[in-house]
Amino acid sequence: MRVTSPSLKRWLFSTNHKDVGVLYTVTSLVFFFVAGALALLMRAQLAAPFGRVLSGEVFNTYVTIHGLLMILWVLSPLAIGLANYFTPLQLGARDLAFPRLNALSYWFYLFGGFAMVLSFFFGGPNTGWTLYAPQSACNDPLCSPPGINVAAAGLILLVGSITMGSINFIVTIFKMRAPGLKLKHMSMFPWAILITVFMMLYAFPSLLAGLILLYSDRSFPGRLAYLSTAQGGNVPSLLWDNIFWFFGHPEVYIVLFPAIGVVGEILPTFTRRPLYGAKYITMSIVVAAVISFIVWGHHMFITGVSPLTTTLFTVTTIAVSLPFDVMTVSFMETLFRAKIRLKAPVLFAIGSIALFVIGGITGVFLASIALDHNLRGTYFVVAHFHYIMVGAGILALMGGLYYWFPKMTGRMYNERLAKLHFALSFISFNVLYFPMFLLIEMPRRVFFYTPDTGWAPLNGLATIGGLVFGFSQLLLVANLGRSLRKGAPAGPNPWDGWTLEWAVPSPPPLHDFDHIPVITEDGVVHLSGGESHPVASGIGDGHSIPHSSHSSRWPIVVALGAFVFLLGLTMGSGPPGILQLTPGVVIGLVGLYGYGKESFIVHEDEKVESWPFKAISRMRFGVWTFLASEIIFFGVLLSAYLFVRINSFAWPPLGYFDIGKGFLNTNILLTSSLTAVLALASAKAGSRNGVVASLLGTFALGAYFLYNKALEWEELAIGEHLAPIGSIFDNFPLAATSYYITTGVHGVHVFAGLAMIAYLLPRALKSADLRHQSQTILYFGLYWHFVDIVWIFLFPLFYLI
Amino acid sequence: MSVKVYFAVFGILVGVTAAEVALIGVQGISRSLTTTTLIGLAGFKALLVAAFFQHLKDEPRPLSALLLVGLVIAIALMSISFLQLHPLDL
Amino acid sequence: MAVSNTADLFNQLFNTFTTLAIIVGVVVLGLMAFLVVRFRAKASSPEPEDTPTLGRIPQARGHLKTVIISLTLSSIVLGVLIFGTLSATTQITTIPAECAQVPSPCLTIRVTASRFKWTFTYPNGYVNDTVVTIPTGQIVILEIESTDVFHTFGIEGFRIKKDAIPGLTNKIWFRANEQTSDVIRCFELCGVGHAVMTSRLSSVSPGTFQGFCSTTGC
């Protein structure tokens, strides 16, 4: 099968970054119109008092799904699509570090989106995208319907997609830059993407932890109770507030930074001047990213938490304006003494900056605790974040679409239609959202209002703006769709840009560069300088570099397995049975096995810039990056434990959790770490017996650990030998929740490790080359030791304190 | 890294674990001191596993920084959640 | 003087923020518009010297001085905002000391949120779930709690809100300056009845309030 054929198979199996980029971009636009349609219906409902377009139940579901889709299935994926296509090109690389993982990320994203849409048919989530507790987790008829579980499944798939994607981009940007392409030479888009994916790595695990808590509470209503009830000192609303916004605030910057990166790409090309203060812009994005992790409490100003924390958060949130000021001033200075060619991309970029200024200024209002005491939960907030996410975010990304369309397709879009799209969008955007700043008294997420409020005129105006804005977006699709076939042919560099993607044909060949560019100390980019691709240089068979693979059928299979498994987990009511989970497991295992066995060739250029990660291989770097995300994941689970422990009235006495059993299990796991590292040493030394014995030992110890844990779980649930006597769920429900969830998630990790050993053992037995095996055993070891480290902390926290 | 080092590290890990269990039997130490010590000991064990079993000490420094950032962020969350309802009980 | 002290606090601070916002906004957006018009490409104008071109890393452009100046100016503006915020916040969130006296000169009413109404309980046990009546000129403390899910209690004209969270009791205080009828709404999506979770606040003269108390018991 030719990889470049336009068949369905090509799109289902391609791992090439350009194809995956197109998939992400097109899919995100589809979701944009779906979520946009929901918004238009909501605007229709609110156009006049006592609207009769949507019922309250449907409206609440729409507002929830609109938010989740737009933020998670449109904004970031649109950026990721552009990043997929252009980051390798801009770095002088031929693909991302892990092409199959990249495809896998896309399919997880798509199936996650299916689950989101599917959830609607089970009575979708109706709490707003923020999924506040306890309304999300409780079980009475007025709480969120069961569909929220399916939505959670979709979100979990999305977290998986994003985590895999962030690992891929981090390794790529550090380890695959063309010779001489130092980090400081990178243009603004790869920098913005690098910072964004780091933020994703550290923020999304918090959402995952929260979703697991939510799912567990909902599936075991009598027993697990982190989020569903306030009891014994637990404050579920605050617990979720912290976990969600700890993710949620960095998330909204994650959504914004790629757009800033796109602006930083477009401005130099269309102003014919370098970016003003490029390095200060980069530093500012980093500073803003760091600060973004310590502002989440501004969503909790009126929850009743201590003034110490709210004061801290109001200061950090107001202060975060500072790096954004530097960015804005720098962008504006770029225009000074420039020669601005007013084409669609730069119109969108400049429009985006202007709307960002308004959105950013109004954000400072909301950063003030005192003002928040009145602005909280009103349309002022809605206006603020739409100015940022749509005004700054979407507009910049659309500018990027126009900017890079000629490169991706080899054709130019229609400039007049694009300018019309801009003008209509920009004007109608303000008609839609500016009135909302004036609706300070109108609560968010109300599905109707009465005439005596006086809100009708502004709402009516907003609806008109919304309709024009919504329908104007069709111009984008019409323009790009038509130009795809009938647009004027575009050469490699229609804009006269400087970044490396303009050095290759439009669209680029499969292998991107005939010759990898080389950058010398004097800042010259030698476009024919570097390593050549066998196709281009006509090297025949013989000692040629093997062609890199560009397709694999396994990513979509693995993703399908995950999708079916999670649906089995969430589609019924109550905890799932084995029958519901089996199909997903089977498909997933088939996919993973195929993935592992497949001979997928990724050619690694010898001469790359890789500072400061030269001495670590791509794969090892990738595994460690994954473990960094796991640190956050377990950190949040432990935070939940600490939260209820510190606040609860009643906690089991010392000794309730059997210290002897905990001590035994700790030693079991420590020993298994020893055997795991001995397996590595054996593999490096070439001793097959050593490898097999050590792996078997590790497996046995891990299985023994799980066996002991299962016994403990049973004992605690029955409670015959406990003091006080009785089931832990009756006597200490909060302790039960934190113990079962924390050790349960840890146990799943141990189980996954056992599955890995089951995969490694036959290979060790059969393989001739143990030294090659040693790499895989090393990666397994990194994971296994991490799981041991988690237990090293769990033991004293649950058994000894 | 030689196998001897692995066994030595393992010995220390088991020893420290035993010390943790012994510690809670000791009378006269305040709860907060016990808790802090236990967490400190756990952290020490974690460092040993990371440095020697995961060979982190042989990896480029920035990798440890990447992991440390994650740890700091997680600790920030834990601290703030604690301070939100118990600002003075430090 | 606005309808309540809390409204005054909000209005003053909000006006400060808005004034600065408008000034900054007009200056920045105006400057942007000027720059776009002034420096748009004309056929006659030559390419700048430092135009980035394919084949070369672009020249560095810009001065640290600009960064320092913009950070300094921004810090001054933000400093004003932080100061105003902290001062107003302390007033909003600190229950006046005199309320701790025994007997307390402040009126404490419990507000209970449930799906989908607000229930007001007075000190002597009188309960009302349609309107909360208070006297002007006296400090009123509302103790806000929830029986079920996360709601947010807000009084429209008084410009004050607080979350109603199961497991916590939150307090707000205010003093009504004039007789008025105000709307109370819920500001956190709590279910299908979120939009109808409204109530009323009625502030009456002290004399009328005394009469109210003798009939209802308060």
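Naming: A, B, ... by sequence-line order, numbering from 1 per chain. Values below: all heavy atoms of this structure, side chains included; hydrogens, waters and symmetry mates excluded.
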Exercise. Relative to chain A, which of I82(C), L73(C), L86(C), L31(C) shows the most heavy atom pairs under 4.5 Å?
Worked result: I82(C)

Seminar exercise, completed: Applying a strict 4.5 Å limit to non-hydrogen atoms, the region of V235(A) in contact with chain C is both

Problem set entry | Contact origin within V183(C) toward chain A - heavy atom pairs under 4.5 Å | neither

Problem set entry | Contacting region of T18(C) [heavy-atom separation from chain A under 4.5 Å] | both

For this session: Give, as side chain, backbone, both or neither, the part of T127(A) having an atom under 4.5 angstrom from any heavy atom of chain C.
Result: backbone

Problem set entry | Toward chain A, the part of S75(C) with a non-hydrogen atom under 4.5 Å | both

For this session: Would you mind checking which part of R185(C) comes under 4.5 Å of any heavy atom in chain A, side chain (CB onward), backbone (N, CA, C, O), both or neither?
Result: side chain

Exercise. Can you say whether the rings of F448(A) and F50(A) are parallel (under 30°), tilted (30 to 60°) or perpendicular (over 60°)?
Worked result: parallel

Exercise. For I369(A), is it the side chain, the backbone, both or neither that has a heavy atom under 4.5 Å from a heavy atom of chain C?
Worked result: both

Problem set entry | L375(A) portion near chain C, given a 4.5 angstrom heavy-atom threshold | both

Problem set entry | Within the 6.0 Å centroid threshold, strictly below: F336(A) and Y276(A) | no

Exercise. Between G55(C), P166(C), S70(C), A7(C), which shows the greatest number of heavy-atom pairs under 4.5 Å with chain A?
Worked result: G55(C)

Problem set entry | Under 4.5 Å from a heavy atom of chain A, the part of F158(C) involved | neither

Seminar exercise, completed: Of the listed T89(C), L189(C), L35(C), T51(C), the one with the largest count of heavy-atom pairs under 4.5 Å with chain A is L189(C)

Problem set entry | Segment of L371(A) engaging chain C (4.5 angstrom heavy-atom cut-off) | both

Exercise. What part of T499(A) gets closer than 4.5 Å to chain C, counting heavy atoms only: side chain, backbone, both or neither?
Worked result: backbone

For this session: Let me know if I361(A) has heavy atoms under 4.5 Å from chain C in its side chain, its backbone, both or neither.
Result: side chain

Exercise. Is it the backbone or the side chain of L342(A) that comes under 4.5 Å from a heavy atom of chain C, or both, or neither?
Worked result: side chain

Exercise. Using a heavy-atom distance cut-off of less than 4.5 Å, which residues of residues 168-178 of chain C contact chain A?
Worked result: L168(C), N170(C)

Exercise. For A133(A), is it the side chain, the backbone, both, or neither that has a heavy atom closer than 4.5 Å to a heavy atom of chain C?
Worked result: backbone

Problem set entry | Structural part of D140(A) lying under 4.5 Å from a heavy atom of chain C | side chain

Exercise. Using non-hydrogen atoms only, which part of Y280(A) is less than 4.5 Å away from chain C: side chain, backbone, both, or neither?
Worked result: side chain

Problem set entry | Straight-line distance of L347(A) CG to S352(A) OG, nearest 0.5 Å | 12.0 Å

Exercise. Is chain C contacted by the side chain of V364(A), its backbone, both, or neither, given a heavy-atom distance below 4.5 Å?
Worked result: both

Problem set entry | Structural part of R444(A) lying under 4.5 Å from a heavy atom of chain C | backbone

Seminar exercise, completed: Answer key: most heavy-atom pairs under 4.5 Å with chain A among L81(C), L64(C), D50(C), T85(C) is D50(C)

For this session: Could you tell me which of V67(C), T6(C), L20(C) has the largest number of non-hydrogen atom pairs under 4.5 Å with chain A?
Result: V67(C)

Less than 3.5 Å apart, which donor and acceptor atoms pair up between the side chains of residues 324-332 of chain A and the rest of the protein, not counting sequence neighbours?
from: D325(A); atom 1: OD2; to: S74(C); atom 2: OG; distance (Å): 2.6
from: T328(A); atom 1: OG1; to: F324(A); atom 2: O; distance (Å): 2.8
from: S330(A); atom 1: OG; to: V326(A); atom 2: O; distance (Å): 2.7

For this session: Report the residue from T133(C), V127(C), T108(C) that forms a side chain to side chain contact (heavy atoms under 4.5 Å, CB included) with Y122(C).
Result: T133(C)

Problem set entry | Option that, when pairs with chain A are counted at under 4.5 Å, heavy atom only, ranks first among T93(C), T66(C), V28(C) | T66(C)

Problem set entry | Under 4.5 Å from any heavy atom of chain C - which part of Y132(A) | side chain

